[in-house]
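Reading through the structure tokens given below for one structure.
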Amino acid sequence: MIKVNNLSKEFHEQGTSNELLAVDHVDFTIQNGSFCALVGESGSGKSTLAQLMCGLLVPSSGEVLFEGKNISLCRGKQKQVLRSKIQLILQDGKGAMDPRFTVYQIIAEPIRNFRKLSKKEEEREINDLLTMMEPPEEIKLRKAHELSGGQQKRVCIARALAAQPDVLIFDEAVSGLDVLVRKHILDLLKRLHQERKMTCFFITHDLDVALYLADRVMVMRCGKIIEDRTFHGSTDCFTHPYTKLLLHSIAPYLG
Ligand code: ADP
């Protein structure tokens with residue numbers, strides 16, 4: 001379980017003496033095994049929140065608890081273990097992979113860092129992950145720049161899974177992909193969630209993607225969570241005027 005308590009993050013605005021409250025006193029709990037989407041326009045604080053949730057940023061105030069432990073107070077081995085348990089998958093797949101490494105080495109890295117597997121077990125695990133991701137066998141020896149956008153995304157997901165995480169956080173992970181590839185990746189995430197009971201936190205500026213994926217939708221605006229609803233297929237649950245405006249803008253695509 002992830003518990004976010006009264007969490008805020010302030011940045012110093014460049015070139016001014018102003019402070020900017022990117023995340024503004026946010027509270028919520030993510031239950032194990034849930035699929036939660038966070039929607040908001042660019043600059044609303046989504047990425048900052050994601051980085052706070054996996055300990056890449058330190059809060060200005062408040063706390064993030066993972067299984068009862070304050071993430072920003074973890075040090076040394078505990079911090080390493082935590083990093084492996086909460087995996088962040090970013091929009092820029094290529095930028096997130098070491099250009100010197102082959103796909104095999106990229107996926108092997110978390111296995112070697114966090115798990116003790118024999119060479120044979122490692123190879124079997126990487127083959128299984130690649131098979132689940134459905135790219136052809138020969139991509140194992142390619143490097144990041146030799147992969148398509150969809151393949152890069154699948155490899156990033158495979159690498160995240162190789163660490164055996166409890167939580168996957170996707171930050172605009174399907175933005176920029178063409179619609180068919182995007183649909184494949186979204187269906188893969190749905191499958192992962194259902195089959196592996198993974199806790200998923202999916203950040204997007206597309207409300208339609210959030211509604212397609214998640215059983216809970218949170219809406220963020222100006223650093224605050226302005227709406228937080230369990231979603232069972234009907235958009236009647238949303239009541240905030242801003243969410244209604246977003247719904248209105250995607251109405252032609254919802255059918
Ligand atoms: P989103 O992911 O919703 O697009 P971000 O979390 O990236 O929003 O950004 C929220 C606000 O915080 C924006 O105004 C952004 O410019 C600002 N911001 C984000 N990171 C930094 C930083 N490292 N330094 C200063 N301002 C930042």
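One is the number of the first residue; the rest follow in order along the sequence. We count ligands from 1, going down the list as the structure has it; atoms in each ligand are counted the same way.
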Subject >> Which residue and heavy atom of the protein sit nearest atom 27 (C) of ligand 1, plus the separation >> reply: Phe11 CD1, 3.3 Å
Subject >> Closest protein heavy atom (residue, atom, distance) for atom 9 (O) of ligand 1 >> reply: Thr48 OG1, 3.9 Å
Subject >> Lys3 charged N/C atom sitting above Phe28 aromatic ring, 6.0 Å / 45° >> reply: no
**OP:** Taking atom types as modelled, find out whether Gln31 and Ser34 have a side-chain donor-acceptor pair closer than 3.5 angstrom.
**Re:** no
Original post:
With distance as the sole criterion, is a donor-acceptor pair present between the side chains of Asn127 and Lys140 under 3.5 Å?
Top reply: yes
Original post:
For atom 23 (N) of ligand 1, is some protein heavy-atom partner under 4.0 Å away?
Top reply: yes
Original post:
From atom 15 (C) of ligand 1, is the closest protein heavy-atom distance below 4.0 Å?
Top reply: no
Original post:
Counting heavy atoms only, which of Ser44, Ala50, Ser47, Gly43 is nearest atom 13 (C) of ligand 1?
Top reply: Gly43
Original post:
Would you say the side chains of Tyr242 and Glu41 form a donor-acceptor pair under 3.5 Å?
Top reply: yes
Subject >> Between Arg115 and Ser84, a side-chain donor and acceptor under 3.5 Å >> reply: no
Subject >> Closest approach of any protein heavy atom to atom 8 (O) of ligand 1, naming residue and atom >> reply: Gly45 N, 3.2 Å
Subject >> Numbered atoms and elements of ligand 1 in range of Lys46, under 4.0 angstrom, heavy atoms >> reply: 1 (P), 2 (O), 3 (O), 4 (O), 6 (O), 8 (O)
Original post:
Thinking salt bridges, do Asp187 and Arg191 make one under a 4.0 Å N-O criterion?
Top reply: no
**OP:** Apply the side-chain hydrogen bond (donor to acceptor under 3.5 Å, both in side chains) test between Arg229 and each candidate in Thr243, Thr239, Thr235; give the one that qualifies.
**Re:** Thr239
Original post:
For ligand 1, which atoms have a heavy atom of Glu41 less than 4.0 angstrom away?
Top reply: 3 (O)
Original post:
Side chain or backbone of Leu20 under 4.0 Å from ligand 1, or both, or neither, by non-hydrogen atoms?
Top reply: side chain
**OP:** Go through ligand 1 atom by atom and flag the ones less than 4.0 Å from a non-hydrogen atom of Ser42.
**Re:** 4 (O)
